[in-house]
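Following: one structure in structure tokens, then a few remarks.
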There are 2 protein chains.
Amino acid sequence: MPRAGLAPAAVVAAGAALADEVGFTNVSMGLVAERVGVRTPSLYKHVDSLDALRRGIAIQAKRELGDALARATVGLSGPDAVRAFADAHRRWVLDHPGRYAATIRAPEADDEEDRRAGDDVLRILLDVLAGFGPPGAGTIDAARALRSALHGFASLESAGGFGLPRDVDRSYRFLVDTLITGLRPDRPTGAGGAG
Amino acid sequence: MPRAGLAPAAVVAAGAALADEVGFTNVSMGLVAERVGVRTPSLYKHVDSLDALRRGIAIQAKRELGDALARATVGLSGPDAVRAFADAHRRWVLDHPGRYAATIRAPEADDEEDRRAGDDVLRILLDVLAGFGPPGAGTIDAARALRSALHGFASLESAGGFGLPRDVDRSYRFLVDTLITGLRPDRPTGAGGAG
DNA sequence: AGCTTAAAGCTAATACGAATAGCTAACCGG
DNA sequence: CCGGTTAGCTATTCGTATTAGCTTTAAGCT
């Protein structure tokens, strides 16, 4: 039997591709093994467990998402950057539903690598919002708001959650414009005095 | 052996309670059986499958969420209603993480009962936004925006996704205020001319 | 080249959860 | 009290993750 010449990264990559095809939660060791051309137990020479494989898919997906967002927003600032960020986010999610599902999974509390991959994506968002939205620590609030909104829309859309017959593109534009309007720095912070 | 006096609703209710304790995806037939005091196969006298149990939990959860939102917003209108809706939503999600995870699961396309349970929740949101936000069909955009934002925030928070040391309550207030500001009807619709 | 060795792959076996089959006994209506 | 319905049980099957232990490849060294 000739060797398949497999490496951990190849197994993870196959898992990520499979996730987009059959859904993240339906990725099994058996399916991945078939995809890479080995028997199921052989995968354990490259990944520790199904959970470890999922973690690997999540980290790879976060990096790919971060790359896509960074590419989409380079050289832009202000509302243009926010819009480009939002558009790239939605497109990436629609193109990679399984990978996106993987990114939602929260890292274990002590998993530095996984956490860093998520932080890197967040950093891009903070950069996009720098010089836009509220100044100082308020940027974190703005980033959380934008991230929540985009994540929520993406997750509802990819779950088929929008039943009504209204154009989803238009609703997305509305959402992004609403946030941009609301985020303009010349409005009260809303958080009030405390703290 | 005395009978346990079980009914389908009791099995579903036990599953919902368990979901909040161990996580929706970790609810198993075995755990539910132990909780209601029977052996695992006996559950199949009351629910068709694990998938059917999950569906039942989802429907029950959507109804409970709808009740909580309706109670919180009755008699209110305008920004007050939106704020009350948002606060009730977040509180309910934090109190019932497993049930909330169940509500995210999209219904099967032909599942009328499940779909209706979700629609009923959406209707409350539409009522809250009536007379606020953009008029006419734009209300749907506004509802999607608010729903996306609240869902995204809830899902990120309950997944532990906010790593930075900034008060999460404050970020939530900021998000809601940002949307209220952005949703005021005296702004352009953002969708542009094409129609 | 020939030897050694780490690791990649295999088959076989274990563990566990979902689901089914078929039996038994508890309740319900007469 | 009697018969039928059905909740619950034990035993079993099946699918998937995982482990154990063997075999063979391939790479490095002399």
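What you see below is based on every heavy atom in this structure, not just the backbone, and it leaves out hydrogens, waters and symmetry mates. Letters go in sequence order (proteins before strands), and every chain restarts at 1.
Between B:Leu43 atom CG and C:dA21 atom P the separation is 17 Å, expressed in whole Å. B:Asp51 places its CG atom 18 Å from the P atom of C:dG17, with the value rounded to the nearest Å. Rounded to whole angstrom, the span from the CG atom of B:Leu31 across to the P atom of C:dC16 amounts to 14 Å. Going from atom CZ of B:Arg39 over to atom C1' of C:dA18 covers 17 Å, rounded to whole Å. Protein atom NZ of A:Lys45 is 12 Å distant from nucleotide atom P of D:dT19, rounded to whole Å. The OH atom of A:Tyr44 sits 12 Å away from the P atom of D:dT16 (whole-angstrom rounding). Between B:Met29 atom CE and C:dT20 atom C1' there is a gap of 12 Å when expressed in whole angstrom units. Atom-to-atom, NE2 of B:His46 to P of C:dA18 comes out at 17 Å; the value is rounded to the nearest Å.
Backbone-only contact: B:Ser28 has heavy atoms under 4.0 Å from sugar-phosphate atoms and none from a base. Counting any heavy atom pair closer than 4.0 Å across all strands shown, B:Thr40 reaches no nucleic acid atom.
Checked against the 6.0 Å centroid criterion, the rings of B:Tyr100 and B:His89 qualify as a close aromatic pair. Less than 6.0 angstrom separates the ring centroid of B:Phe153 from the ring centroid of B:Phe162.
When the side chains of ILVMFWY residues are joined at heavy-atom separations under 4.5 Å, either directly or via intervening members, A:Leu129 and A:Leu76 end up in two distinct hydrophobic clusters.
In terms of phosphate contacts, A:Ser42 brings no side-chain nitrogen or oxygen within less than 4.0 Å of OP1 or OP2 of C:dA8.
Here C:dG9 is the nucleotide among C:dT11, D:dG8, C:dG9 with the atom lying nearest to any side-chain atom of A:Val38.
Seen from the ring of A:Tyr172, A:Arg90 counts as a face-on cation partner, given the 6.0 Å and 45° thresholds.
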